[in-house]
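Read the structure below first, then the notes.
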Amino acid sequence: MSVLLVISGVCAVLAGLVHVYIFFLESVAWTSPRVRRIFGLASESEALATRSLAFNQGFYNLFLAIGAILGVVLVLAGNGATGWTLVVFSTASMLGAAVVLAGTGRRYLNSAFVQGSLPLITLLFAFIGSTFSAA
């Protein structure tokens, strides 16, 4: 495997770990004062009112994380076609969600950057690495 694909795999795992953390924030710790500050929730009542939505959204992030990390595990186990398909699908979905988040307003640009930068790097290195490997 080329160095570019190794970098892609490492970034996919890191992107997965970021999304596991987001899952924790949204689905486990949503009503805590620290998480309310992170997400800009004005009060505990606002957090309670949105808890079920955040809980659901957190699981979306967890499933994307599982896909990215499982994809890398499959690649390392020798099942490259299935593994890279999972990596690309999961990280492309993460990147798409970050683009949507960025489009919702300027106050979300930092969060979108955190959510989308590692998936973008993963996809770029996967594309470049697979292009050079095929040549």
Side-chain angles (χ1 to χ4, degrees):
M1 185 175 356
S2 76
V3 172
L4 296 173
L5 293 177
V6 170
I7 293 169
S8 178
V10 169
C11 288
V13 170
L14 293 173
L17 293 175
V18 166
H19 280 73
V20 168
Y21 177 65
I22 296 168
F23 157 77
F24 172 78
L25 294 176
E26 293 175 337
S27 296
V28 177
W30 184 251
T31 58
S32 75
R34 181 174 163 266
V35 173
R36 290 195 325 255
R37 278 191 307 278
I38 290 170
F39 285 91
L41 300 171
S43 65
E44 184 176 358
S45 63
E46 186 179 358
L48 290 171
T50 58
R51 181 170 46 189
S52 63
L53 295 172
F55 183 79
N56 186 47
Q57 185 63 35
F59 274 90
Y60 276 94
N61 285 300
L62 179 62
F63 299 145
L64 292 175
I66 290 169
I69 294 168
L70 179 60
V72 172
V73 169
L74 289 171
V75 168
L76 293 174
N79 194 343
T82 303
W84 283 114
T85 299
L86 263 174
V87 168
V88 168
F89 177 79
S90 297
T91 56
S93 296
M94 291 173 185
L95 180 59
V99 169
V100 170
L101 182 60
T104 60
R106 294 181 70 110
R107 75 181 255 205
Y108 299 108
L109 289 178
N110 187 48
S111 296
F113 177 78
V114 169
Q115 182 177 327
S117 57
L118 285 167
L120 176 61
I121 294 167
T122 299
L123 293 167
L124 288 173
F125 276 86
F127 175 73
I128 296 167
S130 65
T131 300
F132 286 125
S133 295

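Heavy atoms only: backbone and side chains are in, while hydrogens, waters and symmetry mates are out. What you see is a predicted model; the values in this text were computed from it and never measured.
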What side-chain donor-acceptor pairs closer than 3.5 Å can you find for residues 72-79, not counting sequence neighbours?
unit_1	atom_1	unit_2	atom_2	d
Asn79	OD1	Thr82	OG1	3.2

Contacts table for residues 28-35: side-chain donor-acceptor under 3.5 angstrom, sequence neighbours left out:
unit_1	atom_1	unit_2	atom_2	d
Trp30	NE1	Ala47	O	3.1
Trp30	NE1	Thr50	OG1	3.1
Ser32	OG	Ala29	O	3.0
Ser32	OG	Val35	N	3.3
Arg34	NH2	Tyr21	OH	2.7

Only pairs under 3.5 Å count here: list side-chain donor-acceptor contacts from residues 110-120, not counting sequence neighbours, and write none if there are none.
unit_1	atom_1	unit_2	atom_2	d
Ser117	OG	Phe113	O	3.0

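The distance from the CG atom of Leu41 to the CG atom of Leu48 is 10.0 Å, given to the nearest 0.5 Å. In this structure, Ile66 CD1 and Asn61 CG are separated by 11.0 Å, a value rounded to the nearest 0.5 Å. Remark: Leu5 CG to Thr122 OG1 distance equals 11.5 Å, nearest 0.5 Å.
Nearest heavy-atom pair across Ala126 and Ser8 is CB-OG, 3.4 Å. Of all non-hydrogen atoms in Ala65 and His19, the two that sit nearest each other are CB-CB, 3.9 Å.
Hydrophobic clustering places Leu25 together with Phe23 (ILVMFWY residues linked when any side-chain heavy atoms are closer than 4.5 Å, directly or through intermediates). Neither Val88 nor Ile128 shares a network with the other; the hydrophobic side chains, linked directly or stepwise wherever heavy atoms of I, L, V, M, F, W or Y lie under 4.5 Å apart, form separate groups for each. No continuous path of hydrophobic side-chain contacts links Leu70 to Trp84 [ILVMFWY only; heavy atoms under 4.5 Å]. Leu124 and Val3 are not part of a single hydrophobic cluster, where members link through side-chain heavy atoms under 4.5 Å apart.
In this structure, Phe24 and Val20 have side chains that are not in contact, with every pair of non-hydrogen atoms separated by 4.5 Å or more. Glu26 has its side chain within reach of Phe39: a pair of non-hydrogen atoms, C-beta onward, lies under 4.5 Å apart.
A donor-acceptor contact shorter than 3.5 Å is absent between the side chain of Ser90 and the backbone of Val87.
Think of Leu101 as one node in a network of Ile, Leu, Val, Met, Phe, Trp and Tyr side chains linked at under 4.5 Å; its network also takes in Tyr108. Under a 4.5 Å side-chain heavy-atom cut-off, the cluster of Ile, Leu, Val, Met, Phe, Trp and Tyr residues that includes Leu64 is completed by Met94.
Within a 6.0 Å radius of CZ in Phe125, no more than 12 heavy atoms belonging to other residues, nucleotides or ligands are found.
Here Phe55 pairs with Phe59 under the ring-ring contact (aromatic ring centres under 6.0 Å, His included) rule; sequence neighbours left out.
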